[in-house]
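Right, one structure below, let's go through it.
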Amino acid sequence: MTARDQLSTPLIRLSEYRAPAWRVERIELEFDLGIDATEVFSRLHLRRDPMQDAPLRLDGERLELLSVTLDGEALDAARYRQSNESLEVDGARDGSVLETRVRLAPAANTALEGLYLSGSRDAGFLLTQCEAEGFRHITFFPDRPDVLASYTVTLRADKARFPVLLAGGNPDGAGELGDGRHWARFVDPHPKPSYLFALVAGRLEKIERGYVTADGRSVRLVMWSEANVIDRCHYAMDALERSMRWDEKTYGRQYDLDVFHVVATHDFNMGAMENKGLNIFNAKYLLADPDSTTDDEYRAVEAVVAHEYFHNWSGNRVTCRDWFQLSLKEGLTVFREQQFSADMNSRALKRIEDVALLRRAQFPEDAGPLAHPVRPAQYSEINNFYTATVYEKGAELVRMIAGRLGQEGFRRGMDWYFARHDGQAATIEDFLTALGEANDTDLSPYLAWYVQAGTPRLRANGRYDAARREYVLTLAQHTPPTPGQAEKQPLPIPVKLALFARDGRMLPLHVDGHPHSGDDELVVVVDQAEQRIVFREVDAEPVPSLLRGFSAPVMLEGLDTAADLALLLRHDPDGFNRWQAGQQLAVCAYEALRDQRQAEAVDAWCDALAGLFGEEAVDAALLAELMTPPGEVELAEREQAADPDRIHAARQALQRRLAERIGIDALMARYDILAGTTSGELDAESQARRRLKRRVLDLLALLDASRAQVLAARQYETSPGMTDRLAALSVLVRTDAPQAAPALAHFRTRYADNPLALDKWFSVQTQRAGEPALTTVQALERDPAFTLRNPNRVNALFGAWARNNPSGFHRADGAGYRLLAERLAELDALNPQIAARLATVLNGWRRLEPGRRARAKEAVEALAARDGLSRNLSEIVQSMLHD
Ligand code: TRP
Ligand code: ZN
């Protein structure tokens, strides 16, 4: 079968949604667990929709069927039909009980979907991953999220090999079986979709803590991991408790089972999974200790723990009707996590990081061949739609709606949404309707944001009329076409704005008819193709600050004169907006350098930052972000024929100009102060100093590499924590320092038994710019610790190289593309989800300069022409070719 034939795998369409003809009210599952063979017995209590007369058809893939029994009668093969993906059974009626027995081979499961083995045969443990469609790899079932069932799960296994047996829900008995085996039973009182089913079995250690919910229910919080890392779970446990308190206080949401289990695994396709009562985490987002975890990773652990916990309401109690509604749970839960993290840490920094992520990951997706709406209209492989668009843009849409309703109105709306749809499988329309109903507001115009792909461009124009003392702002919107959507509608775009006087003061805003006229900040909703806003009583030409707080996920164009942006960068009281202005100014400066134009923007950017650098009052972490121009990926996004070498060179040149402007003495002095005061502590102050120190060291390296290398080598040796150590190692690697090799060798030995730290050892080396990156990657592939079987390791090597090092990956000779395509094909045979996700790094190939574009196209075409590609990978490569 060729890839072309596989493309004919059916497209699933939202417009063809039908309610299930058969539901399962109750399921009893029994597992006889073993690493090579596991037997699964299932008893389904069926309900038939009287309005439909479809035969009973259950999903099930790669299941070895042992027996089928209907209403107590063993069926012979004439009474049922098994295909590659389903089981059809004759003679079922409303109320029928269907029993099946199947055999699975967990140790042979390299896709990490369904039931699989994490770790080695001797020491590893068994676990499941069911979202989105993994349950059909465990038993026959209507594996769709609108079938909610009550689960009773019994696990049986050898007690010595599998001393810990866990499933979602509340414990309901356990005991010995006499033959060295034991059993445990779990009952989940909350009906749930099959994608939230989970079990874990093996040798695991735990830490536990009691928790009393706001309404007085006692809950056991238990975190599980392999024995050698159990003391790295404490930070996550604290984060979990903070998340639970926050959700009680902010949304009135309480936990609803007697026990909450969280398990860490090193073998996981994504970040973590919100299985009801039994969250499973990629160890990367659960384990943390100062010796091996960076500050950024600590924040990521807190964020992912919160995200999964918040799903208990936004996703589990109210779930999705179908997978097109995925953002109903993911966009909403990302938004809730963003609010939580902002409350726990710095609000401005959190917003900066989230917007930077959106621009780096989602904007390119929305501008390329894989562009899709937050609620897609069709898919071939649902796993390909766990995207930055569904997650991050989805969160921005919830943020706009929350902003529209205000804090109290949004809370009222959420209360009503949870009350109205508790225990149901809902849609995005249900969400908008519930929020609107609770506020007597029609939110249906926002549905357009969910169904229309592409990043809107918002063009701003200002004209000052001195005679009338009026400032007229014109805002025009336009969304470029995306695959399958040539025509675009205007969307409601909330633009939060302010006007500044030349001395940096904010002006009161007088706009006729605006309910908040007179305030110094207003929100104007642009819902036409073009709109004019007239500000009255303006005494002199003002400087507009638009899209404050990134009030809508759009690209803003126009009104970007260097002097205006520099003024905002210096004076805007809001950290996010200040950064925003700085980024725009940095882009102007970068473009001037790239095109070898003389530009005031370069001086304006450097002068403003040098000024801020000298002021003690500016927060160190914010300063570090202000001093970082947009990344190479974001800069490439602005071009139609991108040359990554040229982009890298111009961005480096811009940073060198900044370093020169500040001066080596000032940089050295600041470095010394920061080095003298940093500790391994995790408080915000210490983290901020480490962040600035990293930035200063990077700038020093651009002025005097050997001096910076001496500092970096010392920093590597003396740092108490991973943040400083890795920052130092990174400088040594990227500047080709003589000290790099011994430091890398030291790191390799020191962390030989710590896979998460070793991942960083792989990643950091992929970041050498240009030519040397490829040979480095090839050498790392041959390291005995490298394996295509572990997703974290694959991402640490190939993901870091292809995603974060454009000049190292996008080689003019195309060797980067060829190596990647080769490995993608191998990886696809092991783990299609990971192969497909990694393949998206080639998403932007059409916007490369002609030579690279041709090489990239050849590599993608060669990959597409291979036999036997998975549905996952072939959907991605075909979409990339058929724009
Ligand atoms: N629902 C999970 C989350 O965002 C992510 C998820 C989706 C996932 N599919 C997965 C995790 C497959 C692991 C494997 O919280
Ligand atoms: Zn999620």
Side-chain angles (χ1 to χ4, degrees), residues 109-116 118 127-138 143-145 168 192-200 236 240 243 247 262-286 300-320 322-341 357 361 374 376 379 381-395 398 790-792 794-795 831-838 870 872:
N109 179 354
T110 59
L112 313 189
E113 181 187 34
L115 179 68
Y116 66 95
S118 174
L127 74 163
T128 56
Q129 169 56 40
C130 290
E131 189 176 2
E133 297 179 336
F135 196 65
R136 65 188 62 188
H137 295 283
I138 293 174
D143 191 14
R144 44 188 288 171
K192 69 187 172 200
S194 50
Y195 81 88
L196 291 174
F197 166 82
L199 75 80
V200 168
L240 174 60
S243 308
D247 212 15
V262 181
V263 179
T265 170
H266 284 285
D267 300 287
F268 207 64
N269 282 348
M270 303 260 280
M273 181 61 214
E274 70 265 25
N275 314 299
K276 184 77 187 188
L278 177 51
N279 286 2
I280 299 182
F281 276 64
N282 186 328
K284 182 177 165 56
Y285 295 107
L286 198 75
V301 167
E302 182 182 58
V304 178
V305 166
H307 178 107
E308 303 312 326
Y309 175 71
F310 296 159
H311 267 316
N312 192 56
W313 275 92
S314 50
N316 300 2
R317 289 288 286 257
V318 180
T319 193
C320 303
D322 53 72
W323 292 120
F324 298 102
Q325 321 295 329
L326 182 57
S327 197
L328 177 69
K329 75 179 177 79
E330 295 304 346
L332 176 56
T333 303
V334 170
F335 173 69
R336 274 150 54 70
E337 172 273 306
Q338 290 177 350
Q339 289 182 300
F340 165 77
S341 294
L357 173 67
V374 171
Y379 60 76
E381 169 52 62
I382 184 56
N383 280 301
N384 289 335
F385 285 81
Y386 287 76
T387 59
T389 297
V390 167
Y391 277 65
E392 269 68 39
K393 186 176 178 182
V398 177
N790 181 268
N792 287 357
V794 169
N795 291 329
N831 189 328
Q833 285 183 29
I834 296 299
R837 186 154 312 120
L838 182 58
S870 69
N872 307 57

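Nothing here was measured: the structure is a model prediction, and the numbers come from that model. Read the numbers this way: they start at 1 and go in the same order the structure lists the ligands and their atoms.
- For ligand 1, the atoms lying closer than 4.0 Å to a non-hydrogen atom of Glu330 are 1 (N), 2 (C), 3 (C), 4 (O).
- Atoms of ligand 1 lying under 4.0 Å from at least one heavy atom of Ala272, given by number and element, are 2 (C), 3 (C), 5 (C), 11 (C), 15 (O).
- Protein heavy atom in closest approach to atom 4 (O) of ligand 1: Tyr391 OH, 2.5 Å.
- Each of the following atoms of ligand 1 lies closer than 4.0 Å to a heavy atom of Lys329: 1 (N).
- Nearest protein heavy-atom neighbour of atom 8 (C) of ligand 1: Met270 CG, 3.5 Å.
- In Glu330, the N, O or S atom that comes nearest to the Zn ion (ligand 2) is OE1.
- At least one donor-acceptor pair closer than 3.5 Å links the side chain of Asn790 to the backbone N or O of His266.
- Residue contact check: Glu308 has heavy atoms under 4.0 Å from atoms 3 (C), 15 (O) of ligand 1.
- Between the side chains of Asn384 and Glu381, no donor N or O sits under 3.5 Å from an acceptor N or O.
- Judged by distance alone, the side chain of Asn795 and the main-chain N or O of Pro791 form a donor-acceptor pair under 3.5 Å.
- When each atom of ligand 1 is checked for a heavy atom of Met273 under 4.0 Å away, the hits are 1 (N), 2 (C).
- The nearest protein atom to atom 1 (N) of ligand 1, hydrogens excluded, is given as Glu131 OE1, 2.5 Å; this is a heavy-atom distance.
- Residues Asn282 and Thr265 form no side-chain contact, since every pair of their non-hydrogen atoms from C-beta on lies 4.5 Å or further apart.
- The existence of a salt bridge linking Lys329 and Glu131 is confirmed by a sub-4.0 Å separation between a basic side-chain nitrogen and an acidic carboxylate oxygen.
- None of Glu274, His307, Met273 except one satisfies the side chain to side chain contact (heavy atoms under 4.5 Å, CB included) rule with Asn279; the exception is Glu274.
- Under 4.0 angstrom from ligand 1, the non-hydrogen atoms of His311 all belong to its side chain.
- Annotation for ligand 1: atoms under 4.0 Å from non-hydrogen atoms of Glu274 are 1 (N), 2 (C), 3 (C), 15 (O).
- Side chains of Glu337 and Ser341: a donor on one and an acceptor on the other come within 3.5 Å.
- Heavy-atom proximity to His307, at under 4.0 Å, picks out these atoms of ligand 1: 3 (C), 4 (O), 15 (O).
- Scanning the protein for heavy atoms near atom 7 (C) of ligand 1, the closest one is Tyr386 CE2, 3.2 Å.
- Phe310 and Phe340 have their aromatic ring centers within a separation under 6.0 angstrom.
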